[in-house]
Structures are given as C-alpha cells and as structure tokens.
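First the structure, in the form of structure tokens, and then the observations on it.
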Amino acid sequence: MNQARSLRIYNTLTGKKEIFEPIVPGHVGMYVCGPTVYNDAHLGNCRTYVSFDVIHRYFRLLDYKVRYVRNITDVGHLTDDGEDRMAKGSKLAQLEPMEVAQRYTVGFHEMMRILNTLPPSIEPRATGHIPEQIEMVQDILDRGYAYEKNGSVYFNVPKFAAENPGTYGSVSGRILEDLYAETRELKSQDEKEHPADFAIWMKGRPQDLMLWKSPWSVGFPGWHLECSAMSTKYLGKTFDIHGGGNDLKFPHHENEVAQNFGSCGCAPAKLWMHANMLLLNNKKMSKSDGNTISPAELFTGTSQHTSKAYSPMVVRFFMLMAHYRSTLDITDEALLAAEKGFKKLMETNKILQSLPVDSKAFDGSENDHDRAILELIEEAYKGMDDDFNTAIAIASLNEIGSYVHKIANQQLPADAIAPWVLEKMKSTFETFIFNIFGLKDDSAESGDDGTIDGLMSLILDIRNHARTQKDWTTSDKIRDTLSELGIQVKDGKEGVSWGKA
RNA sequence: GGUUUCCUGGCCGAGCGGUUAGGCACAGCUCUGCAAAAGCUGCUACAGCGGUUCGAAUCCGCUGGAAACCUCCA
C-alpha cells in the first residue's frame, strides 16, 4: 500500500471532493477538535472520534507520517447563563476545576480505549497553552483585527471581513450580512462594537475560578482561541486537515479561521472535514437537551431506547456502516442488524484465515472467480479512497465473504480460487477489519486462559460421542443446556464449533 | 425569520447521468437424526409533480416533509 493511490476528500471550504495533496510530501498534519471535559463523553462525541480514527488509520496504512493533534479543552466555554462550564461543573461537585477536568479527561480516554481508537500524536490542553493564546491575542491586536474594552479583547469581525474578502463565512457558508440581520440583542454584549464580534480574551469576574494574568487583565482566553493557538503551535500556520463535528462549523471553526488569519495573514488548514451528527429519535443527540444515550448505557443495555446491551465493537461497526458525512440514526433495530453483521464478518474472517493455501499450486493464472474477487478487493480500497467510504468497503468484504463460505462449505472446490488470490483475500480481511476499521474480536474476552476452550472441547467431544451412538437425548440435552447458557453449538461439515450467541 | 442539508425497498444504509451496493428482517431450497449455524435463490426501492437528456435515484424547478446551524454542544 502506498501514497500512489489517489485519495479524494470532501472539503467543507469548497463543498467538493478534492484530490488530497499533502503540504509536505509523505506527511499529514491533522487537527481535530477534542472534547470539553466538563462531563461524561456521550455517544455523539464517540462517533466523531471514531470517524477520525478511521481516517487517521487509513492515512497510516497509506504510509503517511501522520501528526494527529486532538486537544482537550479544559477552560473557556461559557454556558448560556454566562457561567464557565468548568466552573459550573466544579461548583456543583465542590471540586477544583482541574479536578473536574481530570476526572472527565480520564473518562474520555477510557472511552476512547474501549472503542479501540488510536491515541493522537499530541493531545494538548488549553490550560497548558495560555501563553501561546495570549501571544495570539497580541498578534491579532497588532494586526488591527481586535480591540480592547475594559480588560477584555474582542475580535473585530466587520473589519476583518471587509479587509479579507472570502474568508469570514468560508467554513460555515454564512454570509456576514445575514449575521448582522440575525444577531439580535443578546445579553452582555454591551462591550462589543458589533454583535458578530467575539471575545478572544475575557476579563475575569469575582466568581470565575480559572484566571490567568495577561497584558489586558486577569482573565481567561476566549472560547475559540485554544484551537487556533495549539494547531499553530504543533502543526504550523498552515496545515493539511482540520476536522471536527458538524456543529462546530459555526461559530467555532469560523472564528478559528478568523483568528488564525487575523494573527498571521494565512489560512490555518487547506482542508476542513466535518463528521455528521448521531441522531436519536430523529434528532441530534445532545447532552444539553437530554436527547442522548450514554455509551455506558448502551454497553450495559440499561437505556430505555435499546432492548439489550451492545458491545463497543458492535457500536463501532454500526458507526462504520454509514458514511461519516451522513447523519446516522441510532435505533434498536439498526443496532441489532449491526450486531449480526459484525459477528458474521468476524466469523467469516476466522473461517477465511483457517482455509489452507496450496502454495505449490501457484501458477499466476486467474479464472473468473479470481478476477471477481480481485475486483471486489480493489473496490474496497476504492471506497476508502473516495472520502473514506467505509460503507462501500464493508459491502465489498461481505461479497468476498460469500466466496469464503462457499469454499468452506465445499460448494466451490478449494482450488476454484488461485492460491495467491486466497492469500490476498486473507491479508485484505485482516487489513480492513483490524487496521483500517479498528475492530477487534470482543466475543471471546473475559480473561480466559484457555480453560473455557478446553472445557468446551471436552463437552462437545462427549456430545459427539453420544451422537455417534445415536443417543439423541444426551446430545440434545448438551446442546439445549449450552444454548440456555448463551452458547451456540454450530454443526458444520468440518466438525463442531461454538460461539456466544 | 435567515442559511444549509436531507427525504432510497419492512428496517438500517451506499449511490454524485447508463450494472443486483451491502447488512438486517422475511420466504423457499440445500445440508442435517431434529434443530441451529452456514450456503443458495427470491424480495428491484428511490417523497410528489414537472423539466433537461438517447437515458435520472443521480442535474434543474416547484410542492410537501424532516433536520442542522444562526446560542454551549462532536
């Protein structure tokens, strides 16, 4: 696998798929907006990070050196009542703000681990980059795109937009005139010269808990500044990809672009990627309005919205069945279908890997089956090349799986497929399932050291013996009892196997 | 109110002008002591109405429905 493949990625800035061309050949710099750690990660967050995890993994598969930066925001986001989120969380729980941040950061990491996402290369925290943010505020002031009022500093949107045509609104598609018309008089905007302006430094009030010294006041950085400052620090002024959830387009990403542009005169990212929302009850999942399922509820089956528990890998697979730019509706039926599909794919892979390869029969020949399979393999990669279309890739694997079963069931002779093609099928499955999709077999976990396998093989041995004696009472009792325990006995042509139902 | 997106078979979901996407469910068959598992076969849909085109789910217009953003959210 190499970078010769032509990768097309949808760019929010242009509204089109573009051929990906890295700024530095062989390298990818990618920044993804991370979570604000003031409460538990919810499933919507997970979908975005799973999406970017697959993107990260695919770049790596293509042999790019990826620097993947995903921040932790542990300061600076105000709630609608004007209170800092971190402060609010800490007051409720009688904790230091950093205790709140720490608790939920740990929880977030744990969730990312459970969902088998690779860690980012750098995970900077907003509170660890206050000097960088102050510096950026100063740069913006120096370039004349901000003004100070009573110790707070505001970004001057109209001036910036007028002097830099085509920048403000490039991410969200918003037209400044509409913003003017629409921005009604909201509370506490008295200091702003224009309603579209936004704070890049806020003077602290007595009730604020997280405060830093700056040339303008003792206060804290603005809502969007940390991403601008940290992406610049670790990826440079202009880098390849900036990603995040769809709901961050405005105002967060729009203002980020303005800040970066305003401080250095250049665009931060060439390519902006946005993952779409996870839906529940046909509405966006949202922690603020309670329309949400926590991952824990999903994994334990305690949500009112689901009939049973779904494993993290089933949830991950469910997410991959849809394209990252589509909204995805979470329903019990859809999860059930994903669970079946996931188990079948994993089972198919097991069977495939156990098929013997007759290496001496290599003669470079191809028949129709071979060509069809090679075509399907190519389609799986083409799907990924086309804006990371995991749905296409999964469909292709399923079709290849059909050949696997036909051979395993001897509906197709073992030599119907050339050995080298069979080898390629094996490696393709391994690559896609584990390296690209980031799935893992979680059916057999529970820290078992082979005891269960041994017991099962003994039990199935006894059953088999009973069957040869035509002792159906005994053999059926074994099968039925195991079934009650959630273990399914599978009688195949090649012998008996078992799995958790 | 403004901006934008979406509307695909029983369900989920690809699709970006011309082939059956795929999965789940369902039905029939094969295998099997019975069953399950597995396989095979079937199930051909694109909100409605117009238009462009040799040809449209795919492009354009209108109508209807839904959602997102415009305020913190992935």
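Reminder, nothing fancy here: chain letters follow the sequence lines and each chain counts from 1. Because the structure is predicted, anything quoted here is derived from the model rather than measured.
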Could you provide the dot-bracket string of RNA chain B, using ( ) for intrastrand pairs, [ ] for crossing pairs and | for bases paired to another strand, with Watson-Crick or G-U pairs below 3.5 Å? ((((((((.[[[..)..(...]]].(((((.......)))))....[[[[[..)....]]]]])))))))....

Categorize [X] for me: base, sugar-phosphate, or nothing, with a 4.0 angstrom heavy-atom threshold over every strand shown.
X      : answer
A/G44  : base
A/K249 : nothing
A/V489 : base
A/S402 : sugar-phosphate
A/H274 : nothing

Rounded to whole Å, how long is the line connecting atom [atom1] of [X] with atom [atom2] of [N]?
X      : N      : atom1 : atom2 : answer
A/R463 : B/rG33 : CZ    : P     : 11 Å
A/L13  : B/rU4  : CG    : P     : 17 Å
A/F198 : B/rC72 : CZ    : P     : 12 Å
A/D491 : B/rA35 : CG    : C1'   : 9 Å

Indicate for each nucleotide in nucleotides 11-24 of chain B, in 5' to 3' sequence, whether protein heavy atoms under 4.0 Å reach the base (B), only the sugar-phosphate (S), or nothing (-). SSSSSB----BSBS

Does any donor-acceptor pair link the side chain of A/R479 with the base of B/rA36 at a separation under 3.5 Å? no

Between the base of B/rG33 and the side chain of A/D476, is there a donor-acceptor distance below 3.5 Å? yes

Can you tell me if [atom1] on [X] sees more than 12 non-hydrogen neighbours from other groups inside 6.0 Å?
X      : atom1 : value
A/H465 : NE2   : no
A/K249 : NZ    : yes
A/K477 : NZ    : no
A/K283 : NZ    : no
A/K340 : NZ    : no

Along RNA chain B (nearest heavy atom to each residue), the more 5'-positioned of A/G245 and A/N282: A/N282

Strictly by salt bridge (Lys or Arg N to Asp or Glu O under 4.0 Å), give each pair with a member in residues 324-335 of chain A just once, sequence neighbours left out. A/R325-A/D387

Residues which pass side-chain hydrogen bond (donor to acceptor under 3.5 Å, both in side chains) with A/T431, listed by chain and number, not counting sequence neighbours: none

Could you pull out all residues at least two apart from A/S457 that satisfy side chain to side chain contact (heavy atoms under 4.5 Å, CB included)? none

Output every pair passing side chain to side chain donor-acceptor pair (under 3.5 Å) with a member in residues 393-402 of chain A, not counting sequence neighbours, ordered by first then second residue. none

